[in-house]
There are 2 protein chains.
Amino acid sequence: MALEHAILVSLLEKPGSGYELARRFGRSIGYFWTATHQQIYRVLKRMQDDGWVDVRDVPQQGRPDKKEYSVADLGRAALSSWLHDPIEPESVRHDLAVKIRGAAFDDPTALIHEVERHRQAHRDQLAHYLAGQARDFPAPEPGSAAAQAPLDAERELQHVVLRGGIAYERMMIDWLDDVLATLAGFGPGR
Amino acid sequence: MALEHAILVSLLEKPGSGYELARRFGRSIGYFWTATHQQIYRVLKRMQDDGWVDVRDVPQQGRPDKKEYSVADLGRAALSSWLHDPIEPESVRHDLAVKIRGAAFDDPTALIHEVERHRQAHRDQLAHYLAGQARDFPAPEPGSAAAQAPLDAERELQHVVLRGGIAYERMMIDWLDDVLATLAGFGPGR
DNA sequence: GAATCCATGTAAGCTGTTACATGATTGC
DNA sequence: GCAATCATGTAACAGCTTACATGGATTC
């Protein structure tokens, strides 16, 4: 299980409330790990009981008070230990692939709209990633001060993960084009 | 949930026992959907109760008897209905990406071995896919009878899913190379 | 007046994993 | 003799999803 660890990473990058974490898991962190707020609150409680995180009550004006969580020493140690533990390459679950193979026993062309929808979703996601990259990681001018600046591990590692997301979306778009071409070979209306 | 549907697709491709299904979920189907035998037995029982599959006792010599499952009309209808239902692009859970971003708060170079291990696993998987493709989907000679043969939906769709697996592994290998280059930028011993 | 945002939670149910259990046959 | 393969299951637990619940502040 890595939800605890994903939360630790997110809180190390920036402390925040359960609500804020839930939003991050719907955005930046959500690109490679999703979680609902119910899950996050439950896990945060356990992490607090285990001494992995510290809590601070933050009163607010015009808004409900919030509990701001930050990583405690025990949490840092737990993350470090997990980082040094090998994990198995994760098992894939790809509904769309099940559907595509299943389409052989139904009408293959009926799947075209569905695949097009997914392709569009991946295009949107790619555009979103590329915009984020342009905003947060502009290419440094060669020879400029920035190009020679010492490497900031946090930034560089965030960037390489983002590049992974970009590569994934591009691969998916290309593959879904391939799928559409294959499906078109059976139709129309066949 | 798509485990039921993955089982339906697998049984349509070829009827078999729970044990055989479990093996398929560790091989061909397992490339995009995994399941353990415990899960499969439980779901098969439910599918049988719901009338989605038929069972036939098959006595065997020198081996325990087995129950051979095949798809019933209700199962076929359930699959068809699922195929026509739109599904949301699935949420991703990528442990390694969590680790990579987490490495910023630990020793980034300690992750190199782990990433290399994963890269090797993806290389092995790619080699396996390519061997399967060469075996099951040899390129037809242009102008040959095979090249003009009517399209076999089951085969073509299996092939396009396999091509997706190949594209995925290639993407992952390239990305993990990128990750390694990034990690190397912080070391050695830094 | 309705919808959305901020903020936190409970409860029920389903899915999935891990461990345990049995028992015959085949290959080393 | 030991391990692996074939074959099917039970039980306990952990993880995740969906639905429900509350309540003030802001925006349309």
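All figures in this text were calculated on a predicted structure; none of them were measured in a lab. Residue numbers begin at 1 in each chain, while the letters A, B, ... track the order of the sequences.
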Worksheet, complete the sentence: When rounded to whole Å, the NZ to C1' distance for the pair Lys66(A) and dG23(D) reads 18 Å

Fill in: Nearest listed nucleotide, side chain of Tyr69(B), among dC6(C), dG9(D), dA7(D)
dG9(D)

Discussion item. Tell me if the aromatic rings of Tyr41(A) and Tyr19(A) count as close, with their centers under 6.0 Å from one another.
Written reply: no

Item to complete: With sequence neighbours excluded, tell me which residues meet salt bridge (charged side-chain N to carboxylate O under 4.0 Å, His left out) with Glu169(B).
Response: none

Discussion item. Hydrophobic clusters here meaning ILVMFWY residues chained together by side-chain heavy-atom distances under 4.5 Å, can you tell me if Val58(B) and Leu44(B) are in one?
Written reply: no

Worksheet entry | Identified side chain to side chain contact (heavy atoms under 4.5 Å, CB included) partner of Val9(B) from the options Val71(B), Leu79(B), Ile29(B) | Leu79(B)

Worksheet entry | Non-neighbouring partners of His122(A) that pass ring pair (Phe, Tyr, Trp, His ring centres under 6.0 Å), sequence neighbours left out | none

Worksheet entry | Nucleotide dG23(D), atom P - distance to CG of Asp65(A) in whole Å | 16 Å

Practice prompt. Mind listing the residues from residues 32-45 of chain B sitting with a heavy atom below 4.0 Å of DNA chain C? Number order is fine.
Written response: Gln38(B), Gln39(B), Arg42(B)

Practice prompt. Determine: side-chain N/O of Ser17(A) to OP1/OP2 of dT8(C), distance under 4.0 Å, yes or no.
Written response: yes

Discussion item. In this structure, how many angstroms lie between the P atom of dC6(D) and the CD atom of Gln60(B), rounded?
Written reply: 11 Å

Discussion item. What is the distance, to the nearest angstrom, from the CZ atom on Arg23(B) to the P atom on dT8(D)?
Written reply: 13 Å

Worksheet item: Rounding to a whole Å, what distance do you find between Arg27(A):CZ and dC5(C):P?
Response: 12 Å

Discussion item. Please tell me if Arg93(A) has a side-chain N or O lying less than 4.0 Å from either OP1 or OP2 of dT15(C).
Written reply: no

Item to complete: Without swapping roles, check the side chain of Arg155(B) against the backbone of Asp136(B) for a donor-acceptor pair under 3.5 Å.
Response: yes

Worksheet entry | Salt bridge present between Arg101(A) and Glu13(B) (N-O < 4.0 angstrom) | yes

Worksheet item: To the nearest Å, how far apart are Ile7(A) CD1 and dC16(D) C1'?
Response: 13 Å

Fill in: Atom pair distance, as rounded to whole Å: CZ in Phe25(B) and C1' in dG16(C)
14 Å

Worksheet item: Does a nitrogen or oxygen in the side chain of Arg46(B) sit under 4.0 Å from OP1 or OP2 of dT15(C)?
Response: yes

Item to complete: Specify the separation, in whole Å, of atom CD of Glu68(B) and atom C1' of dC6(D).
Response: 15 Å

Worksheet item: Think Tyr19(A) has a side-chain N or O under 4.0 angstrom from the OP1 or OP2 of dC6(C)?
Response: yes

